[in-house]
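The structure appears right after this line, and notes come after that.
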There are 2 protein chains.
Amino acid sequence: MGFLSSIPWIEKVLADLESAEGLGDLQALAERIRAEYGVGHVVYHWVNSAGQQYGCGTYEPAWVQRYLDRNYLRIDPVIQGCYQRFHPVDWKRLDWSGKVARDFLRDAVAFGLGNQGYSIPIRGPNGQFALFTVNHDCDDDVWAAFTEENRRDLILLAHYFNHQVLELEPGRAPPEATPLSPREIDALTLLAMGYSRAQVADTLTISEHTLRVYIESARHKLGALNTTHAVARALQRGVIVV
Amino acid sequence: MGFLSSIPWIEKVLADLESAEGLGDLQALAERIRAEYGVGHVVYHWVNSAGQQYGCGTYEPAWVQRYLDRNYLRIDPVIQGCYQRFHPVDWKRLDWSGKVARDFLRDAVAFGLGNQGYSIPIRGPNGQFALFTVNHDCDDDVWAAFTEENRRDLILLAHYFNHQVLELEPGRAPPEATPLSPREIDALTLLAMGYSRAQVADTLTISEHTLRVYIESARHKLGALNTTHAVARALQRGVIVV
DNA sequence: AACTCCCTCCCCGATTCCGGCGAGGGCGGC
DNA sequence: GCCGCCCTCGCCGGAATCGGGGAGGGAGTT
């Protein structure tokens with residue numbers, strides 16, 4: 001991962017952490033990053049397609065637990081906001097109106113979070129979604145200067161965290177199913193576009209019976225229970241693009 | 001976009017290109033990148049959720065046209081391979097077995113492409129998928145050294161291209177539809193998991209009639225023509241994750 | 001307090017989809 | 001040259017889904 005070399009302090013830190021292994025590495029790295037930049041918190045949060053979460057960083061364990069207990073994932077404006085974008089987002093630009101969002105923020109501050117935040121979303125196939133966040137307590141001007149100056153480092157660090165987590169997550173490759181045939185892809189693609197079976201058959205200029213053979217074939221290949229499921233899986237696996 | 005500042009030549013080039021505007025900028029930038037690194041080709045290729053494609057780079061127009069004409073998007077192992085990952089990929093690590101893939105490669109070389117390539121996939125919500133590719137003609141050792149040395153720059157440049165394209169693509173925000181309610185999300189999520197309506201209603205412990213209200217409501221919000229379409233759109237927009 | 005949105009339930013009929021069956025010709029790979 | 005996969009077509013009945021429609025209580029926002 002030589003691409004981090006533009007970050008002055010990174011070599012030494014990574015060397016220090018070499019002895020550790022697995023995800024503990026990243027936890028320790030987050031601590032070091034916090035120290036190097038003198039910010040309140042550094043956190044990496046990752047959600048895979050199965051809804052499993054993984055996180056590491058400098059948040060208080062009590063806050064992490066509360067976040068999970070209260071299912072804040074569905075409330076957190078940072079998640080909500082970043083999920084739709086994929087460029088770094090300053091927390092100020094998010095939508096904090098609404099009662100639940102304000103309550104959430106108040107709760108977060110009570111657990112030691114700062115009022116400023118900067119989050120970098122990274123996405124992968126199969127709904128993988130990760131967030132690298134830096135949190136701090138300061139006024140707007142100071143924060144704007146900080147983010148402007150260190151954005152590049154943060155992007156690269158986000159990539160690094162993501163790379164490490166994926167390396168340690170072997171649960172991606174297995175569903176390496178048999179590929180879909182062109183006609184099967186055509187069929188699922190048109191279905192995903194909202195066409196009815198009759199319309200799809202007409203568009204492909206085949207009989208509806210033939211179409212059904214494709215759909216069923218695709219369903220079996222994808223291990224899907226019905227047509228909607230097949231379309232969903234095909235989309236998730238990226239075998240069709242609508 | 002100060003995060004590019006670690007690339008020595010970038011400031012001057014960006015200043016030179018300041019006068020140009022729009023996507024022409026990126027075309028010219030690709031040319032400059034090719035010159036700076038002394039490689040065969042530099043290309044940025046972008047596909048959005050509507051299946052629209054946009055590309056800029058140094059490939060011969062004849063090759064681009066042929067790529068489109070022959071619908072190589074569905075054949076290209078670079079696309080196929082990168083779509084499932086989201087870390088930089090050396091073309092050597094892709095699957096070039098199979099007749100169509102080999103034919104494709106032969107055709108590409110005939111149109112001036114080199115035998116080496118390095119592609120950086122970047123993904124966004126709504127099925128956005130972009131590829132930043134560097135292509136060259138040399139032996140494996142030289143190429144390995146090149147990629148190792150310049151990976152960081154390439155990642156940052158990929159981000160830059162992506163940022164610029166999204167800035168110039170106002171067609172993203174409009175479908176800023178009303179958000180789905182929690183129950184609607186539950187319903188679509190379970191449907192995407194392959195459950196039948198009866199099973200979903202049972203799982204949510206509501207009547208099937210109520211469930212249908214959610215599905216229809218979600219369908220209208222998503223502008224979907226039927227249930228399968230609604231699930232597909234919800235997946236693409238990232239409002240549900242199965 | 002008015003407003004909007006969410007959740008829940010019910011009616012109806014027509015349309016569509018599901019699931020498994022069989023059968024033939026063609027192309028590419030081993 | 002054989003095997004496997006792909007493409008194409010047909011029939012069947014039962015089950016599920018798709019359209020709207022109306023109606024009430026509750027919570028949050030303004």
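A note on names: the letters A, B, ... follow the listed sequences, proteins ahead of strands, and every chain is numbered from 1.
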Residue set satisfying side-chain hydrogen bond (donor to acceptor under 3.5 Å, both in side chains) with B:D140, at least two apart, ordered chain then number -> B:Q116

Atom CZ of A:F146: over 12 foreign heavy atoms under 6.0 Å: yes

Does atom CD (B:E60) have a neighbourhood of more than 12 heavy atoms from anything else shown, all under 6.0 Å? no

For A:R183, report the nucleic acid contact type (base, sugar-phosphate, nothing); a contact means any heavy atom under 4.0 Å. sugar-phosphate

What does B:L225 touch in the nucleic acid at a heavy-atom separation under 4.0 angstrom: a base, only the sugar-phosphate, or nothing? sugar-phosphate

Need to verify one output field. Residue with the more 5' nearest nucleotide on DNA chain D, B:S196 or A:S207? A:S207

Set of residues satisfying ring-ring contact (aromatic ring centres under 6.0 Å, His included) with respect to A:F132, sequence neighbours excluded: A:F161

At a heavy-atom distance below 4.0 Å, which nucleotide of DNA chain C is the first touched by chain B, and which is the last? C:dC6 to C:dG29

When the ring planes of B:W63 and B:F104 are compared, do they come out parallel, tilted or perpendicular, using 30° and 60° as the limits? tilted

Between B:W96 and B:W91, what is the ring plane arrangement, given parallel below 30°, perpendicular above 60°, and tilted in between? tilted

In whole Å, what is the span from the CD atom of A:Q199 to the P atom of D:dC18? 14 Å

Which residues within residues 208-220 of chain A lie with some heavy atom under 4.0 Å of an atom in DNA chain C? A:E208, A:R212, A:E216, A:R219

Can a side-chain donor-acceptor contact be found between B:Y67 and B:D76 if the only test is distance below 3.5 angstrom? yes

Donor-acceptor side-chain pairing of B:Y72 and B:D107 below 3.5 angstrom: yes

Determine to 10° how strongly the helix from C:dA1-D:dT30 to C:dC30-D:dG1 is bent, judged from the axes of its five-pair ends. 80°

Carboxylate-amine/guanidinium contact B:D69 B:R66, below 4.0 Å: no

Sorted by chain and number, sequence neighbours left out, side chain to side chain contact (heavy atoms under 4.5 Å, CB included) with B:N115 holds for B:D137

Measuring to OP1 and OP2 of D:dC18, would you say a side-chain N or O of B:R197 lies under 4.0 angstrom away? yes

Answer yes or no: does a side-chain N or O of A:S181 lie under 4.0 Å from OP1 or OP2 of D:dC6? no

Looking only at atom types and distance, does a side-chain atom of B:R183 sit under 3.5 Å from a main-chain N or O of B:L204, one as donor and one as acceptor? yes

